Amino acid sequence: MNTHHTADYLTSLNPEQRLAVETTEGPLLVLAGAGTGKTRVLTTRFAHILLTNRAKPWQILAVTFTNKAAQEMYKRIENMIDMPMSNLWLGTFHALCTRMLRRHANYVGLTPNFTILDTDDQIRLLKQVIEPWKIDIKRWPLAGLLGEIQRWKDRGLTPQHITPAEDTNFADGHARAIYEAYQTRLLQLNACDFGDLMLHVTEILRLNPDILAQYHTLFRYILVDEYQDTNTIQYLWLRLLAQRQQEQTNICCVGDDDQSIYAWRGAEVKNILRFEKDFPNANIVRLERNYRSTSHILGAATKLVAHNNERLSKTLCSGLVDSDTSIGEKVAVIHVYDSDIEAEFICQQITLFQKQGYSLAEMAILVRAGFQTRSFEEYLVQRGLPYRIIGGTRFYERAEIRDVLAYFRVLIQPADDLAFERIVNVPKRGIGATTLQKIRTTARTINAPLMTTIQHMLDNGTLNKRIGEPLRDLLKLLSDTRDILRDKGHIIGAEHLLEASHYLDMWRQDRSAEAEGRIDNIMELLHAMEEFTDIESFLEHVALVTEKDTPDQEEYLSIMTLHRAKGLEFDIVFLPGWEDGLFPSQHALNRGETKALEEERRLAYVGITRARKQVMIFHANRRRIYTHWQNSIPSRFLKELPEKHVTYRNLNNCLNIQHIQQNDNSDQTSNQTVLIKHSSHFQLGDYVCHNRFGTGVILSIDREHIEVAFETIGTKRIVSSYIKKL
DNA sequence: GTCCGCTCCTTTTTT
DNA sequence: AGGAGCGGAC
């Protein structure tokens, strides 16, 4: 390489980052800890390959998990280089596979315009497929079956691969057969679910060396983001594309085993652990300098995750120099009486931080489970703090949006039976389950799509007037709309469809509170469609996207799950609900395996490392869960936090926020750190034993008074001399 | 076919 | 609390 002049984009990198960027040839694994500049390395590497003329833009395969990550990467690369980037192979696993599958669809019995099903379609299809088995759906929920099939697909297993021994989780071993029937139906419908996108393409590449060779020639460099999250089928796909006979492979995978939090949906940390085996003489670069968090935050997070056994060795240290930031505040662990106080106190703290000059956009509340968000809303509204719950019901999952998209689908793909079934009686046209079943049966015998079947039935007069009339109208409406689409464009066509079908009227007449919002959503959808030239390309886009990107017009506080927070950062992070059974989750505790618990611990690590300046962790004695109150004990993770980076505050005796404020003023100096010293060697979360009450866990410490949750008799306040550590 | 009210359930999420 | 599924009334 020409070294006489070092490019600007390289000089701003630290030595390890630079090594990761400049080691372009051969297999490379980049282990990038939280906040070590992972995205920067990935994008700089991409730009570097282009700028040094190692490859043309379309010769680089760059894979991410989310659309957001792909967009982010694209934007950053675009900013770094000044050349047209056409035909980029930069996208999510699924988007890239869709592109490949449309090219080679015929190899697996599909046509290039196949439909991609969403979860809703999948469930409805399964419901039909499962019919002959007469399975008690109450005992065996369909979601479980779908999960089972998805996990098989994640592992690259087609029905033929599944042995009876592996088919025991659903309805006493019928899942394999149902899976097979489901796949048959998908092909009949010319449709794919998300798993199929990966599965079909991998199958095509595996069985057709000529096709694989084309891609080998095409892709000179492969970049993979979040490698720790890849599942088996994604791994197999990558390995096929990466392992060539003759030349070495220029594959670069970036990941962090400590941030692997998706094993429950099929991700295999193994993939990252065995990289060196898969690609002999692979280089490994570790990015260990963290440029995000204060040393207290970093210290707390790394000590916590160090309790995990299954990890690649990696030591995160601060890359910030002292002048960048002070050592900062210690991580605060705050004990509150209940979840209401927790919510109220956090909202109060947010106001306080605002007064100190922090913007709402730089603060986040990160929860373990979705239901926790509710308690915050009330108090935030009360204080007039703008907030957003990230990832509640997603835009494209709303019923009205799905309805409208289904209307579009039947317009474009008259053979899309699932879409047709969704809209045939919305708004009500008097077509019920019985009629639909009759049509389905006929369709099956003449082997035709539902709409064609209906046309037949109308022609031979098989349908009575009461049913036939509205169906005839619907078919007429659809064919009329196709004409309008052709003559006047997709926006006019879409508007006509939604008016003439009376779909919009249905909501206009709806008196419920949400109806107006639904109409707004539909208008937004139509607006989003303007960026596309036709409905087909819009549907293609929508099938692979869950979120609609709205630019932020105002600053707001973010509330989201820990999973959703991965990859983000904030100045101040609130982590409520650190109690056994919630975090770590009851499911993880029930399983009793270290594996599940270690994933929860990594989630805790992800949570803490989101923060730049301050972390506040909360645990409550009791928590409102839906309707009832549940007593809880502190999370076992709390005692894994290193004392020197943590400060404890006990607000357990405060039943309202006024009390907390008073205590704040009077207790300024004698906070919990001091209290803990008074009460000898006891710590929050310690397991203790009492002569009469048995064993329990310490909930709070107030000098010599210690509150213990006993296993048998509940919570009691005890003087410390009567209990001893287990 | 449609509507109403009863029961049951509730981790995490992307595509 | 809120949604989904189901059975029964009309």
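Note that the structure is a prediction, hence the values are computed from the model and not measured. Residue numbers begin at 1 in each chain, while the letters A, B, ... track the order of the sequences.
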Between [N] ([atom2]) and [X] ([atom1]): distance, integer Å:
| X | N | atom1 | atom2 | value |
| --- | --- | --- | --- | --- |
| A:Asn464 | B:dG1 | CG | P | 9 Å |
| A:Leu544 | B:dT15 | CG | C1' | 7 Å |
| A:His628 | B:dC9 | NE2 | P | 13 Å |
| A:Leu146 | B:dT15 | CG | P | 17 Å |
| A:Trp237 | B:dT15 | CH2 | C1' | 13 Å |
| A:Glu397 | B:dT13 | CD | C1' | 9 Å |
| A:Leu197 | B:dT15 | CG | C1' | 8 Å |
| A:Asn231 | B:dT12 | CG | C1' | 16 Å |

On a whole-Å scale, what distance lies between the P atoms belonging to B:dT11 and C:dG5?
16 Å
Does atom CD of A:Glu397 have more than 12 heavy-atom neighbours, drawn from other residues, nucleotides or ligands, at distances under 6.0 Å?
yes
On DNA chain B, does the nearest nucleotide to A:Ile467 precede the nearest nucleotide to A:Phe371 from the 5' side, or the other way round? Give the residue.
A:Ile467
Between A:Arg429 and A:Ala369, just flag the one whose closest nucleotide in DNA chain B comes earlier from the 5' side.
A:Arg429
If the condition is side-chain contact (heavy atoms from CB on, under 4.5 Å), which residues does A:Ala175 pass it with, not counting sequence neighbours?
A:Leu145, A:Glu148, A:Trp152, A:Asp167, A:Phe170
State which residues pass side-chain contact (heavy atoms from CB on, under 4.5 Å) with A:Ser635; sequence neighbours excluded, sorted by chain then number.
A:Trp578, A:Asp580, A:Pro584, A:Phe637, A:Leu638
Mind jotting down which residue pairs meet the side-chain hydrogen bond (donor to acceptor under 3.5 Å, both in side chains) criterion with at least one end in residues 428-437 of chain A? Sequence neighbours excluded, please.
A:Tyr407-A:Arg429, A:Gln437-A:Arg440
Any non-hydrogen side-chain atom of A:Thr98 less than 4.5 Å from a side-chain atom of A:Glu540?
yes
Within the 4.0 Å heavy-atom criterion, would you say A:Gly370 contacts the bases, only the backbone, or no part of the nucleic acid?
sugar-phosphate
Base, sugar-phosphate, or nothing for A:Asn67, non-hydrogen atoms under 4.0 angstrom?
sugar-phosphate
Here the salt bridge (charged side-chain N to carboxylate O under 4.0 Å, His left out) pairs for residues 113-128 of chain A, sequence neighbours left out, are A:Asp118-A:Arg402, A:Asp120-A:Arg124, A:Asp120-A:Arg402, A:Asp120-A:Arg422, A:Asp121-A:Arg124, A:Asp121-A:Arg409
Counting heavy atoms from C-beta on, name the nucleotide in [options] closest to the side chain of [X].
| X | options | answer |
| --- | --- | --- |
| A:Lys428 | B:dT13, B:dT11, B:dT2 | B:dT2 |
| A:Arg368 | B:dT12, B:dT15, B:dT2 | B:dT12 |
| A:Thr561 | B:dT12, B:dT11, B:dT15 | B:dT12 |

Would a line drawn from the ring center of A:Tyr107 to the ring center of A:His200 be shorter than 6.0 Å?
no
Per salt bridge (charged side-chain N to carboxylate O under 4.0 Å, His left out), A:Asp258 is matched among A:Arg311, A:Lys566, A:Arg601, A:Arg602 by A:Arg311
Under 4.0 Å between a side-chain N/O of A:Thr434 and OP1 or OP2 of B:dG1, yes or no?
yes
Using a cut-off of less than 4.0 Å, is there contact between a side-chain N or O of A:Asn425 and OP1 or OP2 of B:dT2?
yes
Face-to-face contact A:His587 to B:dT11 six-ring, under 5.5 Å, under 30°:
yes
Classify every nucleotide of nucleotides 1-10 of chain C by which part a protein heavy atom approaches to under 4.0 Å, writing B for the base, S for the sugar-phosphate alone and - for neither, in 5'-to-3' order.
BS--SS----
Give the residues of residues 89-101 of chain A touching DNA chain B, defined as any heavy atom closer than 4.0 Å, sorted by residue number.
A:Thr92, A:His94
Can you tell me how the ring of A:Tyr626 sits relative to the ring of A:Phe371, calling it parallel under 30°, perpendicular over 60° and tilted otherwise?
tilted
Within the side chain of A:Glu131, is there an N or O that forms a donor-acceptor pair under 3.5 Å with the backbone of A:Gln128?
no
